[in-house]
Amino acid sequence: MNRTATPAGPARPGFLWAVPAAVFFGLFAVVPLVMVAVLSFAEWDGLSGPRFAGLDNWRTLLDDPVMVKSLWLSVLLTGLGVLVQTPLSILLGVWAAGRQRNRAVLSAVYFLPMLLSIAAVSVLWRAVLDPNLGVPAHATWLFGDGNLFGSQATAIGVLVFVSTWQFTPLHTLIYQGAARAIPQVLYQAAQIDGAGTVRQFFHITLPQLRNALITSVILMVVGGLTTFDTVLILTQGGPGSDTTISAYYMYQKAFKSFDYGAASAVALLLVLVSTVISLIVVRLSGYDKMRSTMEGL
């Protein structure tokens, strides 16, 4: 395999090393995305042949109040997920990176939700929060009438809680690894200067977790905007259309209305929104200007 040498450091692997990954990405990411983009300008019921429809699908979606509402709900759920999961993940990640007693056992127990599928977690919490047989039915003093899926506010709260319960461990791992990579000499110098634990956390730990924070937030944004399983199993978009996020709206268009052209338009719109938000996060954070100290290896 050819390797190109640079005068400033060791040789870089040749471009052929990237061919397998590029082919895989092209077949399973680029090609489907192009097909979805083409279908977004066509009418197709899944049985007859696609028929070119121009911008009809896009006009219909923009005029549909449920679609506009679903997009705002997707952004709202994503924003709430970031606001709730980020501080929890940082605190748990920094704690798990320490050397306190029983840390390994407690961390292993806490990470169990990450091993379960989204469908399994949603079914579990649907049973636990069932208004007739679940916990709310026996704790009306806390949950009122017990139907947490009966209003938009409580239904959104359930979705945020379930997502936080399952995905916080993943982001905790990110922060745990980043916290362990912080040089201990920084904390030793801070202790000599008289800085306490809280001051060390805000002036050393948080700044050193910047890269991990940006990565975690981008993952939350992309994951939040494409959430589907949780809504399908827990709320089915209800009550009414109060939790019909864009991914669930796409499912309704494709598999209930058999309007694959409109569903493709929704999918493409989600890709565009996710990309724009991710680029904004990268640009505002300056992450695109950061360079690894191992560049070239």
Original post:
Any ring pair (Phe, Tyr, Trp, His ring centres under 6.0 Å) pairs touching residues 174-201, not counting sequence neighbours?
Top reply: none
Original post:
Any donor-acceptor pair under 3.5 Å linking the side chain of R51 with the backbone of E43?
Top reply: no
**OP:** Could you please spell out the steps behind the side chain to side chain contact (heavy atoms under 4.5 Å, CB included) verdict for Q176 and F111?
**Re:** CA-CA 12 Å; Q176 180 183 6; F111 292 139; 3.8 Å; yes
**OP:** Drop me the distance from H203's NE2 to D193's CG, to the nearest 0.5 angstrom.
**Re:** 12.0 Å
Subject >> Atom pair OG1 (T140) and CG (D145), whose distance is rounded to the nearest 0.5 Å >> reply: 9.5 Å
**OP:** Check whether any side-chain N or O of S74 sits under 3.5 Å from a backbone N or O of S246 as a donor-acceptor pair, and report yes or no.
**Re:** yes
Original post:
So with a 6.0 Å cut-off around CZ of R180, is the heavy-atom count from everything else above 12?
Top reply: yes
Subject >> D242 bridged to K69 by N-O distance under 4.0 Å >> reply: yes
Subject >> Nearest-0.5 Å distance that lies between atom CG in L71 and atom CG in L61 >> reply: 10.5 Å
Original post:
Hey, does the side chain of S216 reach the backbone of L213 with a donor-acceptor pair shorter than 3.5 angstrom?
Top reply: no
**OP:** Would you check if the distance from the ring center of F228 to the ring center of Y251 is below 6.0 Å?
**Re:** yes
**OP:** Examine distances only and state if a side-chain atom of T243 and a backbone atom of G238 form a donor-acceptor pair shorter than 3.5 Å.
**Re:** yes
Original post:
Is there a donor-acceptor pair closer than 3.5 Å between any side-chain N or O of Q236 and the backbone N or O of L232?
Top reply: yes
Original post:
For the atom pair CE (M114) and CG (L173), what is the distance rounded to the nearest 0.5 Å?
Top reply: 4.5 Å
Subject >> side chain to side chain contact (heavy atoms under 4.5 Å, CB included) evaluation trace for W58 with L269 >> reply: CA-CA 10 Å; W58 293 92; L269 181 62; 4.3 Å; yes
Original post:
Checking S274 side chain against V271 main chain: does a donor-acceptor pair fall under 3.5 Å?
Top reply: no
Original post:
To which residues is W72 joined in a hydrophobic cluster, defined by side-chain heavy-atom contacts under 4.5 Å among Ile, Leu, Val, Met, Phe, Trp and Tyr, whether direct or through other members?
Top reply: V68
Original post:
Nearest 0.5 Å, what's the CZ-OG1 distance between F143 and T154?
Top reply: 11.0 Å
**OP:** Examine W44 together with F258 and report whether their ring centres are nearer than 6.0 Å.
**Re:** no
Subject >> Atom pair CG/CG of L124 and L116 - distance to nearest 0.5 Å >> reply: 8.0 Å
